[in-house]
Student: 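After the structure tokens below, expect a handful of questions from me.
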Amino acid sequence: MTRGFVTLTTGDIKYYKMAVNMLASFRLHNPETKFAIICDRENEYTAKFDDVVVLENANGDYRDKFSLLVKSPYDENIFIEPDCLIYRNLDFFWDLLSKESDFSSFGWNNGGLDCWFKTEETKNRLFELVPELLRDADVPLFNPGYLFIRNGERCEKMYSDCLQIAERIKSDDLLRDYAPILCNGKLRDDPIFDLGMAINDFICHAQPKESKCISLPSKYIINQIDMVNGKLDVTDKNGKEFKDCSLLHFSTRRVMEEGLYPWQCAIMNTYLKHGKAYKVLDNSLVEFSFNIFRLIKTRVKHFFKF
């Protein structure tokens, strides 16, 4: 049985650059683990990955994300979005995610319906369009920034189901323009994945209490951050502390423009190019640069641009 991590990138070259940044941060803490990329073309960036899968007919939309269900190259795969940075070894992901079902993520096993289809009218229309979805079914809700996929017939069926559900929604006058399931006017993959999971009896795993995956880092107070030495401690808006977090999922352009992403990439690349010198200075350098970053962020909005 083969195991490995995988990411997905199609379209603009900036996404390939993000994928390489994510890969570099991953290999700081996971040097022996295979990492593949699914993409729409090979280039200098894809050459850095262990395995490359080229989508012959990439669409540049939700359908590319669904292809993870049938194109992931290993028997067991963990997908990581390219707009993530990794802060520790992720081997524990296998123990948490692979034991639940052939497709899984961190999240909740209900709440998806109320999140995406907020009115009775839209819920009723959904049940009409997707009769496979039972009215008393629990629809999962999860962050699709990291997924577990075990290749096989069950994921192949979910792939077919997701494509069909998306086409039914797009053809419906009420739902195709329904804001909660759109992103920049295009259908989101998140709600379709949630519905596909419900139909196929796939379940989510609870977010780990330790080694938390942080989404939208602008909503957290970062207490300590050091990618090279694998340290990320944060406090959420309720004052709860999380130590030794695993990754940051930046998720939106606005979050990247706040400066944390380019600053972390700059620190990482400095270390990779000048490792010996960095090791001598790392404690003082990281602490000093972090303090400068916090000062700039509090005084000048959007000082950095991605």
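Scope of the values below: all heavy atoms of this structure, side chains included, with no hydrogens, waters or symmetry mates. Because the structure is a prediction, the values reported are computed rather than measured.
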Student: Compare all side-chain heavy atoms of Leu68 with those of Ile38 and state whether any distance is below 4.5 angstrom.
Tutor: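 SC-SC contact between Leu68 and Ile38 confirmed.
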
Student: If every non-hydrogen atom of Gly196 is compared with every non-hydrogen atom of Cys162, which pair is closest and at what distance?
Tutor: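 Closest heavy-atom pair between Gly196 and Cys162: CA-SG, 4.3 Å.
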
Student: What are the two closest heavy atoms between Cys84 and Leu247, and how far apart are they?
Tutor: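 Shortest heavy-atom contact: SG-CD1, 4.3 Å.
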
Student: Just so I know, are the side chains of Val130 and Ile199 near enough to count as touching, which here means a heavy-atom distance under 4.5 Å?
Tutor: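 Side-chain contact under 4.5 Å: yes.
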
Student: Is it the case that one hydrophobic cluster holds both Tyr87 and Leu216, taking links as side-chain heavy atoms less than 4.5 Å apart, direct or via other members?
Tutor: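 Yes; Leu216 is reachable from Tyr87 via cluster members.
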
Student: Does anything in residues 111-151 form a ring pair (Phe, Tyr, Trp, His ring centres under 6.0 Å)? List the pairs, not counting sequence neighbours.
Tutor: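 Ring pair (Phe, Tyr, Trp, His ring centres under 6.0 Å) check on residues 111-151 returns no pairs.
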
Student: Can a side-chain donor-acceptor contact be found between Asn21 and Tyr45 if the only test is distance below 3.5 angstrom?
Tutor: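 No donor-acceptor contact under 3.5 Å links the two side chains.
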
Student: Ignoring hydrogens and angles, write down the donor-acceptor pairs under 3.5 Å from the side chains of residues 108-115, residues two or more places apart or on other chains.
Tutor:
from   : atom 1 : to     : atom 2 : distance (Å)
Asn109 : OD1    : Cys204 : N      : 2.6
Asn109 : ND2    : Cys204 : O      : 3.3
Asp114 : OD1    : Lys123 : NZ     : 2.6

Student: Are the side chain of Asn89 and the backbone N or O of Asn30 linked by a donor-acceptor pair below 3.5 Å?
Tutor: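 No: the side chain of Asn89 does not pair with the backbone of Asn30.
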
Student: So how far is it from Arg150 CZ to Glu76 CD, rounded to the nearest 0.5 Å?
Tutor: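 One gets 4.5 Å once the value is rounded to the nearest 0.5 Å.
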
Student: Find the distance between NE2 (His249) and CD1 (Ile86) and round it off to the nearest 0.5 Å.
Tutor: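 Spacing of NE2 (His249) from CD1 (Ile86) equals 10.0 Å.
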
Student: Minimum heavy-atom separation for Arg41 and Asp12, please, with both atom names.
Tutor: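 Heavy atoms only, the tightest pair is NH2-C, 4.3 Å.
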
Student: What distance separates Ser104 OG from Leu96 CG, expressed to the nearest 0.5 Å?
Tutor: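 Separation between the atoms: 9.5 Å.
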
Student: Taking all atoms of both residues into account, what is the closest heavy-atom pair of Asp138 and Ala198, and its distance?
Tutor: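 Minimum heavy-atom separation between Asp138 and Ala198: O-CB, 3.6 Å.
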
Student: Grab the two heavy atoms, one from Asn77 and one from Asn151, that are nearest each other, plus how far apart they are.
Tutor: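 Closest pair (atom of Asn77, atom of Asn151, distance): ND2-ND2, 3.6 Å.
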
Student: Quick one: CG on Leu232 to CD1 on Ile214, what's the gap to the nearest 0.5 Å?
Tutor: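 Output value for this atom pair is 6.5 Å.
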
Student: Just by distance, with hydrogens left out, do Tyr178 and Glu121 show a side-chain donor and acceptor under 3.5 Å apart?
Tutor: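 The criterion, which ignores hydrogens and geometry beyond distance, is not satisfied for Glu121 and Tyr178.
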
Student: Could you check whether the rings of Phe103 and Phe202 sit parallel, tilted or perpendicular, using 30° and 60° as the cut-offs?
Tutor: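 The rings of Phe103 and Phe202 sit tilted, inter-plane angle from 30° to 60°.
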
Student: Taking atom NZ as the centre, does Lys34 end up with more than 12 heavy-atom neighbours from other residues, nucleotides or ligands that are less than 6.0 angstrom away?
Tutor: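 No, not enclosed.
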
Student: Do any N or O atoms from the side chain of Asn229 and from the backbone of Lys231 form a donor-acceptor pair under 3.5 angstrom?
Tutor: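 No: the side chain of Asn229 does not pair with the backbone of Lys231.
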
Student: Test your reading of the model: is there a side-chain donor-acceptor pair from Asp50 to the backbone of Phe35, 3.5 Å cut-off?
Tutor: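 Checking the backbone N and O of Phe35 against the side chain of Asp50, a donor-acceptor pair under 3.5 Å is found.
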
Student: List for me each residue that meets salt bridge (Lys or Arg N to Asp or Glu O under 4.0 Å) alongside Asp91, sequence neighbours excluded, and say none if there are none.
Tutor: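 Listed in chain order: nothing, the list is empty.
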
Student: With heavy-atom distances below 4.5 Å as the criterion, would you say the side chains of Tyr16 and Asn43 are in contact?
Tutor: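 Of all side-chain heavy-atom pairs linking Asn43 with Tyr16, at least one is under 4.5 Å.
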
Student: With the side chain counted from C-beta on, respond yes when Met18 and Phe250 share a heavy-atom pair under 4.5 Å apart, and no when they do not.
Tutor: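 Answer no - side chains too far apart.
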
Student: Would Ile37 end up clustered with Val54 when hydrophobic side chains under 4.5 Å apart are linked, directly or stepwise?
Tutor: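 Per the 4.5 Å side-chain linkage, Ile37 and Val54 are co-clustered.
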
Student: Which value, rounded to the nearest 0.5 Å, describes the distance between Phe79 atom CZ and Leu8 atom CG?
Tutor: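 That separation rounds to 5.5 Å.
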
Student: Dump the intermediate steps for salt bridge (charged side-chain N to carboxylate O under 4.0 Å, His left out) on Arg125 and Asp173, then the final yes or no.
Tutor: CA-CA 10 Å; Arg125 182 62 59 84; Asp173 291 339; over 6 Å; no

Student: What's the shortest heavy-atom distance between Thr9 and Ala19, and which atoms?
Tutor: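 The pair with the smallest heavy-atom distance is OG1-CB, 3.7 Å.
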
Student: Could you list the residues that satisfy side chain to side chain contact (heavy atoms under 4.5 Å, CB included) with Gln164, not counting sequence neighbours?
Tutor: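 Applying side chain to side chain contact (heavy atoms under 4.5 Å, CB included) to Gln164 gives Ser160, Arg168.
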
Student: Could you state the interatomic distance from CD (Glu156) to CG (Asn200), rounded to the nearest 0.5 Å?
Tutor: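 It is 12.0 Å, given to the nearest 0.5 Å.
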
Student: Between Met158 and Met197, does a side-chain contact (heavy atoms from CB on, under 4.5 Å) hold up when you go through it step by step?
Tutor: CA-CA 7 Å; Met158 181 171 164; Met197 287 185 72; 3.8 Å; yes

Student: For a 4.5 angstrom cut-off between non-hydrogen side-chain atoms, does Ile181 reach Arg188?
Tutor: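 Sidechains of Arg188 and Ile181: no contact.
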
Student: Using ring centroids (six-membered ring only for Trp), state whether Phe106 and Phe93 fall under 6.0 Å.
Tutor: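 Between Phe93 and Phe106, the centre distance is under 6.0 Å.
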
Student: Treat each ILVMFWY residue as a node, draw an edge where side-chain heavy atoms are under 4.5 Å apart, and state whether Leu134 and Leu126 are in one component.
Tutor: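 No.
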
Student: Excluding sequence neighbours, so at least two apart, what forms salt bridge (Lys or Arg N to Asp or Glu O under 4.0 Å) with Arg154?
Tutor: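 Arg154: no salt bridge (Lys or Arg N to Asp or Glu O under 4.0 Å) contacts found.
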
Student: Ignoring hydrogens and angles, tell me if any N or O in the side chain of Asp83 forms a donor-acceptor pair with the backbone of Ser251 under 3.5 Å.
Tutor: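 Checked: pair present.
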
Student: Does any part of the side chain of Leu248, heavy atoms only, come nearer than 4.5 Å to the side chain of Tyr220, both counted from C-beta?
Tutor: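 They are not in side-chain contact.
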
Student: Side chain to side chain contact (heavy atoms under 4.5 Å, CB included) with Leu163: which residues, sequence neighbours excluded?
Tutor: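 Testing Leu163 for side chain to side chain contact (heavy atoms under 4.5 Å, CB included), a comparison that skips the adjacent residues, returns Arg63, Phe66, Tyr159.
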
Student: Do Lys65 and Glu81 pass the salt bridge (charged side-chain N to carboxylate O under 4.0 Å, His left out) test, and can you show the C-alpha distance, the side-chain angles, and the key distance before you say yes or no?
Tutor: CA-CA 10 Å; Lys65 190 78 168 281; Glu81 283 275 20; 3.0 Å; yes

Student: Less than 3.5 Å apart, any donor N or O on the side chain of Ser101 or Asp201 sitting next to an acceptor on the other?
Tutor: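 Judged by distance alone, the side chains do not pair up.
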
Student: Is any side-chain heavy atom of Val139 closer than 4.5 Å to one of Leu133?
Tutor: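 Contact flag for Leu133/Val139 side chains = yes.
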
Student: I would like to know whether Thr10 and Tyr15 meet side-chain contact (heavy atoms from CB on, under 4.5 Å); could you show each step before the answer?
Tutor: CA-CA 7 Å; Thr10 60; Tyr15 300 121; over 6 Å; no

Student: Do other residues, nucleotides or ligands put more than 12 heavy atoms under 6.0 Å from the NZ atom of Lys71?
Tutor: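 Count not over threshold, so no.
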
Student: When you measure from the side chain of Asn143 to the backbone N and O of Gly145, does any donor-acceptor pair fall under 3.5 Å?
Tutor: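 Yes; at least one donor-acceptor contact below 3.5 Å.
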
Student: Does Tyr74 share a hydrophobic cluster with Phe92, counting links as ILVMFWY side-chain heavy atoms below 4.5 Å and allowing steps through other members?
Tutor: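 Result: no, two separate clusters.
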
Student: Would you call Tyr62 and Ile192 a side-chain contact if the rule is heavy atoms closer than 4.5 Å?
Tutor: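 No. Closest side-chain heavy atoms not under 4.5 Å.
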
